[in-house]
Number of protein chains: 4
Amino acid sequence: MSNDDLLKQLLPENEQSKLTDKQRKILESAIEVFAEKGFAATSTNEIAKRAGVAEGTIFRHYKTKKELLAAVVTPLLSKMVAPFLLKDFKRDVFEKEYASYSDFLRKLIENRLKFARSHVQLLKILVQEIAFQPEFKAAYIEIFQENIFPLFKSVVTYFKEKGELKDIPEETIIRLTISTIVSTIVTRIIILNDQSLDEEEYVNETIHFMMNGLGSKS
Amino acid sequence: MSNDDLLKQLLPENEQSKLTDKQRKILESAIEVFAEKGFAATSTNEIAKRAGVAEGTIFRHYKTKKELLAAVVTPLLSKMVAPFLLKDFKRDVFEKEYASYSDFLRKLIENRLKFARSHVQLLKILVQEIAFQPEFKAAYIEIFQENIFPLFKSVVTYFKEKGELKDIPEETIIRLTISTIVSTIVTRIIILNDQSLDEEEYVNETIHFMMNGLGSKS
Amino acid sequence: MSNDDLLKQLLPENEQSKLTDKQRKILESAIEVFAEKGFAATSTNEIAKRAGVAEGTIFRHYKTKKELLAAVVTPLLSKMVAPFLLKDFKRDVFEKEYASYSDFLRKLIENRLKFARSHVQLLKILVQEIAFQPEFKAAYIEIFQENIFPLFKSVVTYFKEKGELKDIPEETIIRLTISTIVSTIVTRIIILNDQSLDEEEYVNETIHFMMNGLGSKS
Amino acid sequence: MSNDDLLKQLLPENEQSKLTDKQRKILESAIEVFAEKGFAATSTNEIAKRAGVAEGTIFRHYKTKKELLAAVVTPLLSKMVAPFLLKDFKRDVFEKEYASYSDFLRKLIENRLKFARSHVQLLKILVQEIAFQPEFKAAYIEIFQENIFPLFKSVVTYFKEKGELKDIPEETIIRLTISTIVSTIVTRIIILNDQSLDEEEYVNETIHFMMNGLGSKS
DNA sequence: TATGAATGAGTTTTCATTCAT
DNA sequence: AATGAATGAAAACTCATTCAT
């Protein structure tokens, strides 16, 4: 998918390429251990060992342990918004790439599922730390409010006007859509260990549920 | 609701009453600080201070910090199942107290919302630690599989046979129901800070969504 | 042997009889644990538990942990001298009960072996603590110099005059006798676990060695 | 004596030389304080202070206090066997350097006395801890059984065949020889504080006793 | 007399961080 | 840039001792 290439463009190439081997190893190890034990329970000593690096080396690159955490988590935040910022995204929606809301949902779920899958560890860290580090929570909320919500809103308005969605407040639709997608992804990846039935069917079930609910009568 | 009185009966009175004042203070403070900073980032020293107790006193009652965590979290696990174990629960379901699945959902959401509200801190701690302490995860899964799932299944089967629910596999219905309820509660309590619109309407929206989805066409 | 009855007379009856059940249990447990782990590595808590007594109770009877140690070890010191103080002892030696030095050695070794056997734990504690608590060392030396050495000297002088012993300084004879006896007992009880060959033969070997050495020539 | 130079060769030069200044200071201080107060009664804080080092530094090098104890005591164990492993030792015995058993005894006692004198502290620690730490006891027994006993046996057999020793079981001869030597050394160094009469005479007395006993008649 | 909860000083141990090399 | 020895402050935990009951 071309999304991914575009996604890469969004990331500061320079930051990525500047990384020495050791630095990369440090980041990788940090991600691993933070995800395994949580930030507070992780010792810089263990990160160093796993990275095959002297403990001092970590502090050459990151002044404090917390700065290392930030270095690990921050890029994720931009990656999370990335697809919504793509010029293609809006065009796709409005220029009929997505013929319907359920079509839109399908693309969204698939994309986010893929994203979640390839960043489980980072997401685990992020979610854990959002609970305790107010800065992270703030950053996260800002990103949502400034980037994702408005776009979402225009999409919902669009399909509501097309008569595809019930006449419910947009905020409610967005809330239910997002919370369902999130819980769908969490359930699949964390609780079901990404196994259970075939992904396409799993996604279909969810979309059908979102559009038509569980009730049998019209 | 009488559920709550019965709920109390389930808890080991003796354990509760045996607690000395200091012990109770220790538990309370531990809950507070664990919820604020997370288990690993909390020092026993801080708990002691907040409880107005010598640090040694904590270790008289709980051999290790982790044991204190367990003492804080374990009772919650039993409280979580409690309502499902009540004899009343089943009777209510099958003896028409719940005339419909949406009726059942309403009771369930209200009850769990109330429960979550009065145990936010504990739930926060539990969720955090489930991510890192395998024992907790195991206990949680067991409780779900042995107590909650079977009951849920019989309810779903009952209403499916009554023709109120779509002809979808029971597991799928349960998954969607539970994940929607959980995300509804999490959204309301954690993200919306329990404010936003009036609770009854919030619940209605959710139930309507679960039964009929977001789509406009029949 | 009548020695034992006399021995009891030497001990302050009052002290023994005044002991309540709990006190006796405390002393017994203290002996056990001190012998197992050493004084410094033993916690009063463990003693209390093993004695089936509250920790406070120990301090009712012994102001400090060290006082408890003293209460455990001091009686042993008097028991150690006891046989040498018996009026019988001297009489036995000089009025032909002990016809020869080797006869005397036999009685002495047998008696001390028996004594050591029934007080292994206490002796272990005593020896350990003599190494670190100067008071104990002092007490031990005093007991030796004032009670045991003089008596020993008169015995050695007696048999030397009778021509049974080589013409070596008495101090040397005493040193060699005592150190051989001590090492004989230690070897048997601690190193050989009181097993190996039959005790009588073991003692005979030792006595023969003390009298005649290892050399083959006259 | 060339024994000592050879002895040094046996010790892992590398281990010794790898030690930083601080590490050496830590070991030295540990030895001092352990010997003074006993392992359990020694605090790492005191060791650190005496070594002029931060307490954390100790734990950089030795994961636990017990590991420090091992680091202090283990090298001693190999030093104890060292002389018996020297090629020279056997040759000396059998190629007439030791013309007689008493000659052999003299060399042995002198060597061990010297050894004990230069390692009193370490030996004190070792003996104390053998009483409480089963691992140490096991290591000690193994060293004795595998290295010292067999060599001793061949020496005794050799002199027994030459008719210099009584016809007593070898085990008995070894036991009496070793226990006499040990108690001789302990008496001299610990009890007599290495003073009393001139060492040569002291050793002579002991050897004469071992060969000929205390009895006057042939 | 006995209890056992409570204490606080002390102990072992951990850990982020610094710094000379 | 990288190392790794060293630090010292703080963490978890221990323990002899006290005291209200």
Side-chain angles (χ1 to χ4, degrees), chain A residues 20-23 25-26 40-49 51-68, chain B residues 18-23 25-26 40-48 51-68, chain C residues 20-23 25-26 39-49 51-69, chain D residues 18-23 25-26 40-48 51-68:
Chain A
T20 67
D21 263 14
K22 304 245 167 190
Q23 265 194 73
K25 279 301 284 167
I26 290 172
T42 296
S43 73
T44 49
N45 170 36
E46 181 165 1
I47 297 174
K49 260 186 202 146
V53 160
E55 224 173 330
T57 309
I58 293 181
F59 290 90
R60 283 265 128 218
H61 297 290
Y62 309 96
K63 273 205 283 290
T64 65
K65 189 186 162 194
K66 203 164 175 185
E67 198 172 278
L68 173 59
Chain B
K18 261 181 197 161
L19 296 178
T20 66
D21 266 10
K22 304 247 167 189
Q23 263 193 76
K25 280 300 286 166
I26 290 172
T42 297
S43 78
T44 51
N45 170 33
E46 180 164 4
I47 297 174
V53 162
E55 215 172 336
T57 309
I58 294 179
F59 290 93
R60 281 259 127 208
H61 296 293
Y62 309 96
K63 274 201 282 289
T64 62
K65 189 184 159 195
K66 201 166 176 183
E67 200 173 275
L68 172 59
Chain C
T20 66
D21 263 13
K22 305 245 165 190
Q23 265 194 71
K25 279 300 285 167
I26 289 171
F39 172 71
T42 296
S43 73
T44 49
N45 170 36
E46 181 164 3
I47 297 173
K49 260 186 202 145
V53 161
E55 224 173 329
T57 309
I58 293 179
F59 291 89
R60 284 264 128 219
H61 296 291
Y62 309 96
K63 272 204 285 288
T64 65
K65 187 184 161 195
K66 202 163 175 185
E67 197 171 277
L68 172 59
L69 173 65
Chain D
K18 263 182 196 161
L19 296 178
T20 66
D21 266 11
K22 304 248 167 186
Q23 264 194 76
K25 279 300 285 167
I26 290 172
T42 296
S43 76
T44 50
N45 170 32
E46 180 163 2
I47 297 173
V53 162
E55 218 172 335
T57 308
I58 293 179
F59 289 92
R60 281 260 126 207
H61 296 293
Y62 309 96
K63 276 201 282 290
T64 62
K65 189 183 159 195
K66 201 166 174 182
E67 200 172 276
L68 172 59

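Throughout, a chain's letter reflects where its sequence line sits, starting with A, and its residues are numbered from 1.
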Query - Shortest non-hydrogen contact between B:Ile26 and B:Leu68, atoms and distance - result: CG2-CD1, 4.1 Å

Requested in this report: Using atom NZ of D:Lys22 as one end and atom P of F:dG4 as the other, report the distance to the nearest whole Å.
Outcome: 19 Å

Query raised in the report: If you find the nucleotide of DNA chain E closest to B:Asp21 and the one closest to C:Gln23, which residue's nucleotide is nearer the 5' end?
Result: C:Gln23

Query raised in the report: Which of residues 53-60 of chain D sit near DNA chain F, with a heavy atom under 4.0 Å from it?
Result: D:Val53, D:Ala54, D:Gly56, D:Thr57, D:Arg60

Query raised in the report: Under a cut-off of 3.5 Å for both distances of each Watson-Crick or G-U pair, what dot-bracket string does DNA chain F give, using [ ] for crossing pairs and | for inter-strand pairs?
Result: .||||||||||||||||||||

Query raised in the report: Tell me: CD1 of A:Ile26 to P of F:dG4, nearest whole Å?
Result: 13 Å

Query raised in the report: Is there a donor-acceptor pair under 3.5 Å between the side chain of C:Lys22 and the backbone N or O of C:Ala51?
Result: no

Query raised in the report: Does a nitrogen or oxygen in the side chain of C:Ser43 sit under 4.0 Å from OP1 or OP2 of F:dT14?
Result: no

Using atom types as modelled, flag every donor-acceptor pair under 3.5 Å from a side chain in residues 53-62 of chain D to any protein atom, sequence neighbours excluded.
| residue | atom | partner | partner atom | Å |
| --- | --- | --- | --- | --- |
| D:Glu55 | OE2 | D:Thr44 | OG1 | 2.8 |
| D:Glu55 | OE2 | D:Asn45 | N | 3.3 |
| D:Thr57 | OG1 | D:Ala54 | O | 3.2 |
| D:His61 | ND1 | D:Gln23 | NE2 | 3.2 |

Requested in this report: Name all residues meeting the side-chain contact (heavy atoms from CB on, under 4.5 Å) criterion together with C:Lys63; count only those two or more places apart in sequence or in a different chain, and write none if there are none.
Outcome: C:Glu67

**Report entry** For atom NZ of A:Lys49 and atom C1' of F:dT3, their distance in whole Å
**Finding:** 15 Å

Report task. Please state how far atom CD1 in B:Ile47 lies from atom P in F:dC13, giving the value in whole angstrom units. Result -> 11 Å

Query raised in the report: What pairs with B:Lys66 under salt bridge (Lys or Arg N to Asp or Glu O under 4.0 Å), at least two apart in sequence or on another chain?
Result: B:Glu135

Query - Spacing of D:Asn45 atom CG relative to F:dA10 atom C1', expressed in whole Å - result: 15 Å

**Report entry** Along DNA chain E, first and last positions that approach a heavy atom of chain B under 4.0 Å
**Finding:** E:dA6 to E:dG8

Requested in this report: By nearest nucleotide on DNA chain F, pick out whichever of C:Thr64 and D:Gly52 is the more 5' one.
Outcome: D:Gly52

